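Letters go in sequence order (proteins before strands), and every chain restarts at 1. Keep in mind it's a predicted model, so treat the numbers as computed, not measured.
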Amino acid sequence: MPELPEAEAYRRLAEAAVGRRVVAVSTPDLWYLKGGTDRDALEAALVAARVLDVRRHGKRVLVDVDSGHVLGLQFGMTGTLELDGEAGVGDLRYTPSRREPGWVRFAVRFEEGGVLAVHDPRRLGGVTLDPDLSRLGPDAAVVRPAVLARALAASHAPVKARLLDQSVVAGVGNLVADEVLWRAAVDPRRRSADLRRAELGRLHRHLVATLEDLLARGGSHLGDLGPERRPGGRCPKDGTSLARAVVGGRTTWWCPAHQR
DNA sequence: ATTGTGGCCTGCCCGC
DNA sequence: TGCGGGCAGGCCACAA
């Protein structure tokens, strides 16, 4: 599902729209507009405006336009960004691989040709004009070690729940969290505040490296642990049967032998 | 305030 | 063969 690596792939794809001018906005699913955004406001902000830049923060993609507004895109678990009919990533886990016109929830058409569209079967994503990003933590791909350490030290929640909290660090979803904790050899159930300095250091290092790695591989589900997140799955490091539990409200897989 | 839970959404997979 | 229940998780509202 779209986590930071997918959002970054979408951002890179959408960069090809920089400089184009919007001529039409399509909002076939008004439910998909979030945060008080309505069709009229979107049209007023986007039609005749030119794309200046495409940014990303955490799992969000932000399109700056020269009317002074920002188009905020979220993808939930099944959303794909497409430009000119090309999808930003290949497969998404838990998402039907086929494409149906009815699953396009939002689109803008450009004067120069081409379309930027959000395709989302399960409608868990959304579109927001001028989104409020004030409650998002630092982007996970560039968070400083000391900032991450401070955020984790301040909580008694399980470390995995902390990593999933977008106000702590933005961009980590369920699959990335499991992969990072597995690589860093940290038990996801550990109380965040109990982590030692060395463990915090490992977490930061593996967080940044894992995000880079998964972006290069082309998906959050393409981690080393990924294929083993299933009944009967074994730790790729030591062959131990993986443990499964709900941690931080999410299905969690980890190696009970080397994650401590 | 912090932490945890449930619901939303809907396609798909498994078992009967 | 069809059907229904459970499952997936990002995000938010709400409860404790």
Main-chain N/O of A:Arg56 paired with A:Lys59 side-chain donor or acceptor, under 3.5 Å
no
Across all chains, not counting sequence neighbours, the side-chain contact (heavy atoms from CB on, under 4.5 Å) partners of A:Gln259 are A:Leu181, A:Trp182, A:Pro188, A:Trp254, A:Cys255
Quick one: does any side-chain atom of A:Arg230 pair with a main-chain N or O of A:Pro227 as donor and acceptor, under 3.5 Å?
yes
Determine: side-chain N/O of A:Thr78 to OP1/OP2 of C:dA8, distance under 4.0 Å, yes or no.
no
Apply the test side chain to side chain donor-acceptor pair (under 3.5 Å) to residues A:Ser220 and A:Glu6: give CA-CA distance (whole Å), side-chain angles for both, the deciding distance (0.1 Å), then the verdict.
CA-CA 7 Å; A:Ser220 296; A:Glu6 284 80 8; 2.6 Å; yes
Does A:Trp103 have a side-chain nitrogen or oxygen under 4.0 Å from the phosphate oxygens OP1 or OP2 of B:dT10?
no
Does any residue of residues 149-162 of chain A have a heavy atom under 4.0 Å from DNA chain B, and if so, which ones, in number order?
A:Ser155, A:His156, A:Ala157, A:Pro158, A:Arg162
What contact category does A:Arg123 fall into here, base, sugar-phosphate, or nothing, at under 4.0 angstrom with non-hydrogen atoms?
sugar-phosphate
Separation of A:Arg122 atom CZ from C:dA8 atom P, in whole Å?
11 Å
Which whole-number value in Å describes the distance from A:Asp165 CG to B:dT5 P?
15 Å
For A:Tyr10 and C:dG10, what is the distance between atoms OH and P respectively, to the nearest whole Å?
13 Å
Atom pair distance, as rounded to whole Å: CZ in A:Arg230 and P in C:dC7:
18 Å
Could you tell me how far apart A:Tyr32 (OH) and C:dC11 (P) are, to the nearest whole angstrom?
11 Å
A:Arg244 vs C:dC7: side-chain N/O to OP1/OP2 distance below 4.0 Å
no
A:Glu228 side-chain N/O to A:Pro236 backbone N/O, donor-acceptor pair under 3.5 Å:
no
Here the distance between atom P of C:dG9 and atom CG of A:Leu164, to the nearest Å, is 10 Å
Salt bridge or not for A:Arg50 and A:Glu112, using N-O below 4.0 Å?
yes
Just how far, in rounded Å, is C1' of B:dG11 from NE2 of A:His119?
12 Å
How bent is the helix from B:dT2-C:dA16 to B:dC16-C:dG2, comparing axes over its five end pairs at each side, to the nearest 10°?
50°
Output yes when at least one side-chain N/O atom of A:Gln74 is less than 4.0 Å from OP1 or OP2 of C:dG10, else no.
no
Hey, is A:Arg55 close enough to A:Asp139 for a salt bridge, meaning N to O under 4.0 Å?
no
May I ask you to verify if any side-chain N or O of A:Lys34 is less than 4.0 angstrom from the OP1 or OP2 atom of C:dC11?
no
Going by an N to O cut-off under 4.0 Å, is there a salt bridge joining A:Glu8 and A:Arg11?
yes
Judged by each residue's nearest nucleotide on DNA chain C, which is more toward the 5′ side, A:Trp253 or A:Gln166?
A:Trp253
Spacing of A:Arg250 atom CZ relative to B:dT5 atom P, expressed in whole Å:
12 Å
Going from CG on A:Leu71 to CG on A:Asp64, what distance comes out if it is rounded to the nearest 0.5 angstrom?
9.5 Å
If you measure from CG on A:Leu214 to CZ on A:Arg217, what distance do you get to the nearest 0.5 Å?
6.5 Å
